[in-house]
Amino acid sequence: MNTGMRPLLMLPEMLTFGGGLLVLIGGSFLPRKRQWWARIVAAATLIGVVVVAAVGMAAPDQTAFEGAFAVDTATAVARITAAVGILMVLTLAGDDITATARESETYALLLFSTAGIMVLAGTDDLLVLATGYLLASIPLYGLIGLLRSGLAAEAALKAYLIGAMFGITLLLGVTVLYGISGATRYNELAAQLRGAPAAVVATGVVAVVAGLMFEAGGVPAHFWVPDAAQAANGVAAVFLTTVPKIGALIALYRVTTVLPHTVAWPLLIAIFAVASMTLGNLAAYGQQDPRRLLGWSTVSQVGYLLVPITVAGRSEFALPSLLFYLVGYTLTNSAAFAVSTALPDRRDLDAYRGLARARPWLAGALVVALLGLVGTPPTAVFIGKLTTAAAAWDGDYAWLATVVFVNSLLSLFYYLRWIVPIFQKSEATDDFITGDWSTATAMVAAGLSLGLGIAAGPLWDVLAAAPR
């Protein structure tokens, strides 16, 4: 693998952060009714990121800044998936926040956080991990609180306090691992941690994993997710339940590849996985607000995504299944939230009665998204869950594969609580006034989720060929 400074290898991250600065400064000079220009600039930036990342996938694996940042298939997939996820968020903004007082600031915060998420996905150094974490996390607090309401203020404060606590936990873990190894580069850590005291290594590992769980939205740092999904505007809700997971979980995968076997880190991550998927599913049962239901669903999805990380280095399916699941989940979850954004005043599951008759295409997109989150064939998340379970089985964690299937079956019942009213007849005449941009986003995202599940082979071949 080539080494050196090579700053141009981080061009997508530079473009994303630079685009955020341009949107922030330029938006200050635009009248409220012309803030959509900021959205055009942000979208153009992200399209450029997708192009650069796609071209870079053809090159061999390399590192930038003397091995601190890896440019490989996982990094490229993270860049493209995050950029596509934000493009869908920007499309939703056409209905949700257009001509509002904080429109351009919202786009800037989205781009700044996405730059941090991309840094997280590619980092091969503990110090860069901490930097990417902070850059990804801090804009989240502002995004949640942009909607001026009591619920949004409460959700923003909860996210800030939990984020600060787990950010300190992450920094503590980084400090402990550096203190016992004298190294921050992952390749050096792998060599130094083998002879270090197991108890001290375990302390550092637990702290780092727990810190990354805040960014991913999983147990034990999950408490802010349902509140934020319910209280924030649609743009922020889609983003915070989808894109941050990409960087956090790929970063966690990279960390686990250098951990010594003197510490039972696979069991630790397996516990987090089971706790996240089970608690998320159980808590979702009692939810009547569709966005809060999706917030708890997000917690459960983190549990499934942690499964391949549990068997990192033990199964050849671990990395490709994680990457494929992240792509499929980004599309599917975005489709579900896009429907709720298209119908912003429908904050009760029963309020969706008659949707299939009044808006059949929107109802179809919602059904595809919800059944996709369950893991119903032939959607992309079905392939993701199947391959993650296969990875667990291949890595001698058959019991964990069983937990995945059991929890997937359990999740069907609370998703049905939303699906059934769609096809029931409404007692009142209801026109279901929807936003055009949100409706289009929901249909496109659901269609891509379905199409990716049907034609999963080519993408899987690319991911499976990536070096572990």
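The first residue of the sequence shown is numbered 1, and numbering continues consecutively from there.
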For E188 and S181, does a side-chain donor sit closer than 3.5 Å to a side-chain acceptor? no
Any donor and acceptor pair, going by atom type alone, linking the side chain of S321 with main-chain N or O of A318 inside 3.5 Å? yes
Who pairs with D96 by salt bridge (Lys or Arg N to Asp or Glu O under 4.0 Å), at least two apart in sequence or on another chain? none
Just by distance, no angles: are the side chains of R346 and Y352 close enough, under 3.5 Å, to form a donor-acceptor pair? no
Side-chain touch L362/L343, heavy atoms, less than 4.5 angstrom: yes
Taking all heavy atoms of T169 and all of A210, pick out the closest pair and write down the distance. CG2-CB, 4.3 Å
For the residue pair Y414 and S297, establish whether any side-chain heavy-atom pair is separated by less than 4.5 Å. yes
Spell out, as yes or no, whether a donor-acceptor pair under 3.5 Å connects the side chain of S411 to the backbone of S408. yes
Do V49 and M118 pass the side-chain contact (heavy atoms from CB on, under 4.5 Å) test, and can you show the C-alpha distance, the side-chain angles, and the key distance before you say yes or no? CA-CA 11 Å; V49 168; M118 292 178 181; 3.7 Å; yes
For side-chain contact (heavy atoms from CB on, under 4.5 Å), just list the numbers for V258 and N187, CA-CA rounded to whole Å, side-chain angles, deciding distance to a tenth of an Å, and then say yes or no. CA-CA 7 Å; V258 301; N187 58 348; over 6 Å; no
Donor-acceptor contact present, side-chain R292 to main-chain Q288, <3.5 Å: no
Just jot down the side-chain hydrogen bond (donor to acceptor under 3.5 Å, both in side chains) partners of R254, sequence neighbours excluded, or say none. D72, T75
Would the distance check show the side chain of S137 and the main-chain N or O of L134 forming a donor-acceptor pair, the cut-off being under 3.5 Å? no
If we check side-chain contact (heavy atoms from CB on, under 4.5 Å) with K245, which of these qualifies: L240, I250, N333, T298? T298
Heavy-atom distance under 4.5 Å between the side chains of L146 and L109, does that happen here? yes
List the atom of A229, the atom of F337, and the distance in Å for their closest heavy-atom pair. CB-CZ, 4.1 Å
Below 4.5 Å, heavy atoms only, C-beta onward: do M213 and L306 meet side chain to side chain? yes
R417 side chain to Y285 backbone, donor-acceptor under 3.5 Å: yes
Heavy-atom side-chain contact between L46 and L111 under 4.5 Å: yes
Minimum heavy-atom distance G217-H222, with the two atoms named: O-CB, 3.8 Å
Pairwise side-chain contact, L9 with F69, heavy-atom cut-off 4.5 Å (strictly under): no
Partners of Q192 by side-chain hydrogen bond (donor to acceptor under 3.5 Å, both in side chains), sequence neighbours excluded? none
Could you report the tightest heavy-atom contact between A43 and L90, atom names first, then the distance? N-CD1, 3.7 Å
Let me confirm one number: the OG1-CZ distance from T332 to F382, rounded to the nearest 0.5 Å. 13.0 Å
Check this for me: does any side-chain nitrogen of one of E13 and R79 sit under 4.0 Å from a carboxylate oxygen of the other? yes
Just how far is it from atom CG of D124 to atom CG of L129, taken to the nearest 0.5 Å? 10.5 Å
Count the heavy atoms of every other residue, nucleotide or ligand shown that sit under 6.0 Å from CH2 of W393, and state whether that count exceeds 12. no
Can you confirm whether more than 12 heavy atoms, excluding those of W437, are under 6.0 Å from its CH2 atom? no
Would you say the side-chain atoms of T379 pair up with the backbone N or O of G375, donor to acceptor, closer than 3.5 Å? no
Between V381 and G372, the two heavy atoms sitting closest are CB-O, 3.0 Å
Counting C-beta onward and ignoring hydrogens, is there a side-chain heavy-atom pair between M277 and V302 closer than 4.5 Å? no
Derivation and outcome, side-chain contact (heavy atoms from CB on, under 4.5 Å), residues Y160 and L140: CA-CA 9 Å; Y160 169 73; L140 284 179; over 6 Å; no
Does a donor on one side chain and an acceptor on the other come within less than 3.5 Å for Y304 and S276? no
Can you confirm whether more than 12 heavy atoms, excluding those of W361, are under 6.0 Å from its CH2 atom? no
When you measure from the side chain of T241 to the backbone N and O of A237, does any donor-acceptor pair fall under 3.5 Å? yes
Would you call the rings of F214 and Y141 parallel, tilted or perpendicular, taking 30° and 60° as the class edges? tilted
Does a side-chain N-to-carboxylate-O contact under 4.0 Å join R314 and D394? no
Do you know the tightest heavy-atom contact between E215 and A136? OE2-CB, 3.6 Å
Check for a donor-acceptor pair, side chain of S449 on one end and backbone N or O of A445 on the other, with a separation under 3.5 Å. no
Donor-acceptor pair, T45 side chain versus V41 backbone, under 3.5 Å? yes
Hey, what do you get for CD (Q301) to CG (L305), rounding to the nearest 0.5 Å? 7.0 Å
Check the pair L371 / I419 against side-chain contact (heavy atoms from CB on, under 4.5 Å), numbers first and verdict last. CA-CA 9 Å; L371 291 180; I419 294 174; 3.8 Å; yes
To the nearest 0.5 Å, tell me how far L120 CG sits from L212 CG. 7.0 Å
How long is the span from the CG atom in N233 to the OG1 atom in T106, to the nearest 0.5 Å? 6.5 Å
Please check if any side-chain donor atom of D125 sits under 3.5 Å from a side-chain acceptor atom of Y186, or the reverse. no
Donor-acceptor pair, T256 side chain versus Y253 backbone, under 3.5 Å? yes
Donor-acceptor pair between T341 and S438 side chains, under 3.5 angstrom: no
Apply side chain to side chain donor-acceptor pair (under 3.5 Å) to Y397 and S315, showing your working. CA-CA 10 Å; Y397 273 74; S315 172; over 6 Å; no
Between Q230 and R291: side-chain donor-acceptor atoms closer than 3.5 Å: no
Mind checking whether F17 and F112 have parallel, tilted or perpendicular rings, split at 30° and 60°? tilted
Interatomic distance, D95 atom CG to T441 atom OG1 [nearest 0.5 angstrom]: 7.5 Å
Looking at side-chain heavy atoms only, is the closest gap between T388 and L322 below 4.5 Å? no
